[in-house]
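Structure, as structure tokens:
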Amino acid sequence: MARILITSAIPYINGIKHLGNLVGSQLPADLYARYCRARGHEVMFICATDEHGTPAELAAAKAGKPVAEYCAEMHEVQAELARGFRLSFDHFGRSSSARNHALTQHFARRLAENGFIEVVTERQFFSIADNRFLPDRYIEGTCPNCGYEKARGDQCENCTKQLDPTDLINPRSAISGSTELELRETRHLYLRQRALKDEIEAWIDSKTDWPILTTSIAKKWLHDGDGLQDRGITRDLSWGVPAQFPGAPWEGMEGKVFYVWFDAPIEYIAGTAEWADAKGLDDAAWRRWWRLDEGAEDVRYVQFMGKDNVPFHTLSFPATIMGSREPWKLVDYIKSFNYLNYDGGQFSTSQGRGVFMDQALSILPADYWRWWLLSHAPESADSEFTWENFQVSVNKDLADVLGNFVSRITKFCRSKFGEALPEGGEIGAAERALIEDLERRVRAYEAHMEAIEIRKAATELRAIWAAGNEYLQSAAPWSVFKTDPERAAAIVRLGLNLVRLYAVLSEPFIPDAAAAMMKAMRSDDWAWPGAIADALSALHPGHEFETPDVLFRKISDEEREEWQHRFAGRRD
RNA sequence: GGCUAGGUAGCUCAGCUGGUUAGAGCACAUGACUCAUAAUCAUGGGGUCGGCGGUUCAAGUCCGCCCCUAGCCA
């Protein structure tokens, strides 16, 4: 029994996420959370929507809604999809919550008191028509290098030259198109990451067990070029956590908010506080997960994220926590993922390319997606979704190997013995060999799950399913029954017990099918298997069961072709 | 251009600190079985481990150079 804190990178609010986003953080985090719970650990699994920043404001404007209203609606949409995929968050919070406002301001104040915040004066474009300062990306103009007319303030997409907004010829607002721009002086808060660099580096160096993807990205940012840079943590926006607040150790930040990347990871903590609020619990209930001086010293904290989020979680957020000089819990293990590509290209939210969460659920149940995505998780390299691979994998693994096993054993028993575990017969050499094999495989499965080696765990689970078919095939109760019904009864009894065992083992990957298997066995015994021999005698002779409907129907070639066609183009 | 991660059977991928004839799943072929979602099980064919050099008794595994892919940064 341990206490495990799990967070998934929080999805941005402006739209529905695609399957690449899902498999990069939320889904593997859910797998791990479910496994930890199944092993009897105390788990706190937190996710949220990331709601601040310019893209949210622009998306709201496009939808013709106040940004707060837009975010509230989109949060509910994402929450519903999370439920649809059976993501078992203890709380799905919002970075715009009062809890996050308070904590973000708290951290900023502590950082300033410890000398890690610097006020920097810089010159930035102000749009009179839009009545706001414009971030680099929201200024367009003609590229001084190649003459491209729609170059952005940070980079020219045509010639890829890095630009400063002041380099642009005929600059204009990307929001309104207005050319009434003027350079104004503005002041921003900077997080002095350079002052914390040695501390962060020593911490990273101590994490020798992290995935190479995680540490290599962190070290790159620590050493690349001039090394870790100070980072602006405020922006000229209205939607966000106000940078000027009562008790702030600085002045003149009116009209500015904290940068979304400063407040977003703090939402992990705030989200846990929101959980306590929702449960009617006091502050101690969430602080025992996060404060080393209030009970969190025995917590293991694991984060899940795509590789694009690694710098913020290995450098910026730790800098925030370390710089507070307060005993907040730092992450113990970061599991990061590469990208999932779609049929020869990239998934793309902006281009609407690929399969999005709502579309996926509209054509197949969550378990199909969960199984394919997790068994193909981009752990060591980018991986690729193709409809052919999806169809073949799902049909073979779920329908043929697992689903058909449940079908054949339950239907055989029903036709020869009725819908109850038959009595009589003894365990023999074949059963002992199976048990020995499963003993080894289940322990290997546990080891992979504990190491969060998702593909390996999926491979082992599949082998465990296949072991049932191998056993049945060689034990051949349909032949034995003709001459020795008691012996056949012993085989069938073991086979039906396998169904319950499979439900327990498979639940983290395919929770709905696992529940269906357990229900078919008319059991509610989800105890994780100790000795396999015991686990396979949990259901006793005479125990009644139901022959379930087909667990997984197969994907036909026609369906595959239709989906392939339907999702080839753009969304919307 | 620099950096990072990759380039292993038709496909998707395992291969820790170098060590017996390089592995798995799918696909393919053959056979077995007929309880089952025409499912299952067994056996087999198939790879100069991106290329060229080097270190070593021994390299997919270390070193150098080159080619290709993805991403990050200039």
Side-chain angles (χ1 to χ4, degrees), chain A residues 20 154-155 160-163 208-209 211-229 306-311 336-341 344-346 372-373 375-417 430 441 444 447-448 451 453-463 465-482 488 491-492 495-496 499 513 547-556:
Chain A
D154 55 344
Q155 183 179 35
T160 73
K161 184 171 175 59
Q162 301 280 311
L163 299 171
T208 52
D209 63 329
I212 190 162
L213 181 66
T214 305
T215 48
S216 68
I217 292 173
K219 287 180 179 171
K220 185 175 104 65
W221 281 68
L222 277 169
H223 303 302
D224 210 40
D226 297 326
L228 187 61
Q229 294 301 299
K307 59 184 172 187
D308 50 330
N309 280 342
V310 168
S336 53
F337 293 86
N338 287 286
Y339 294 139
L340 178 69
N341 290 320
Q346 296 186 343
W372 191 89
L373 290 168
S375 62
H376 293 77
E379 288 176 298
S380 57
D382 290 355
S383 63
E384 175 157 318
F385 176 92
T386 64
W387 286 101
E388 289 85 354
N389 187 301
F390 177 68
Q391 179 196 20
V392 167
S393 295
V394 162
N395 285 352
K396 191 71 189 172
D397 297 351
L398 296 182
D400 296 349
V401 176
L402 176 61
N404 183 53
F405 174 79
V406 175
S407 277
R408 65 195 297 208
I409 189 64
T410 52
K411 287 181 180 172
F412 180 73
C413 183
R414 181 174 62 180
S415 71
K416 303 299 184 201
F417 301 101
R441 290 194 179 284
H448 289 140
E453 294 268 16
I454 296 173
R455 299 175 86 122
K456 289 179 182 172
T459 299
E460 196 61 54
L461 180 58
R462 201 198 109 100
W465 296 338
N469 283 313
E470 290 166 29
Y471 165 71
L472 268 195
Q473 204 61 33
S474 62
W478 47 89
S479 302
V480 174
F481 182 79
K482 295 169 190 164
I491 296 168
V492 167
L496 289 166
V499 174
T547 301
D549 293 334
V550 165
L551 226 43
F552 296 98
R553 70 173 187 80
K554 293 211 207 187
I555 298 169
S556 69

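Chain naming here is simple, since letters A, B, ... match the order of the sequence lines and numbering starts at 1 in each. Predicted model only: the values in this text are computed from it and were never measured.
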Quick one: list whatever passes side-chain hydrogen bond (donor to acceptor under 3.5 Å, both in side chains) with A:Trp465, sequence neighbours left out. A:Ser506
Of all residues at least two apart in sequence or in a different chain, which pass the side-chain hydrogen bond (donor to acceptor under 3.5 Å, both in side chains) check with A:Tyr471? A:Glu431
At under 4.0 Å, does any side-chain N or O of A:Lys307 touch on OP1 or OP2 of B:A70? no
Got a sec, which residues hit salt bridge (charged side-chain N to carboxylate O under 4.0 Å, His left out) with A:Arg553, two or more places apart in sequence or on another chain? A:Glu559
Can you name the residues that form a side-chain hydrogen bond (donor to acceptor under 3.5 Å, both in side chains) with A:Arg408, not counting sequence neighbours? A:Asn469, A:Gln473
Min side-chain heavy-atom separation A:Phe552-A:Val394 under 4.5 Å: no
Pair A:Ile409, A:Leu472 - check side chain to side chain contact (heavy atoms under 4.5 Å, CB included), show working. CA-CA 8 Å; A:Ile409 189 64; A:Leu472 268 195; 4.0 Å; yes
side-chain hydrogen bond (donor to acceptor under 3.5 Å, both in side chains) against A:Ser479, all qualifying residues, sequence neighbours excluded: none
For residues 471-478 of chain A, which residues have at least one heavy atom under 4.0 Å from RNA chain B? A:Gln473, A:Trp478
Ring of A:Tyr339, cation from A:Lys307 - is the NZ or CZ under 6.0 Å from the centre and inside 45° of the axis? yes
Return yes if a side-chain donor-acceptor contact under 3.5 Å exists between A:Ser393 and A:Asn389, otherwise no. yes
Identify, with sequence neighbours excluded, every residue that meets salt bridge (charged side-chain N to carboxylate O under 4.0 Å, His left out) alongside A:Lys554. A:Asp400
Only counting residues at least two apart or in another chain, list the ones meeting ring pair (Phe, Tyr, Trp, His ring centres under 6.0 Å) with A:His376. A:Trp372
Please enumerate all protein N or O atoms sitting under 3.5 Å from an N or O of nucleotides 22-25 of chain B, with distances to 0.1 Å.
residue	atom	partner	partner atom	Å
B:G25	O3'	A:Arg462	NH2	3.0

Output field dot_bracket for RNA chain B (Watson-Crick or G-U, both distances under 3.5 Å, | for other-strand pairs) contains (((((((..((((.....[...)))).(((((.......))))).....(((((..]....)))))))))))).
Does A:Lys411 put a side-chain nitrogen or oxygen below 4.0 Å from OP1 or OP2 of B:A39? no
With sugar-phosphate meaning primed atoms plus P, OP1 and OP2, does A:Phe552 contact a base, only sugar-phosphate, or nothing at under 4.0 Å between heavy atoms? base
Enter the distance from A:Leu461:CG to A:Ile454:CD1 here, rounded to the nearest 0.5 Å. 13.0 Å
Filter on salt bridge (Lys or Arg N to Asp or Glu O under 4.0 Å), then keep only pairs touching residues 470-482 of chain A, sequence neighbours left out; what's left? none
Tabulated below should be each protein N or O lying under 3.5 Å from an N or O of nucleotides 7-12 of chain B; please produce it.
none

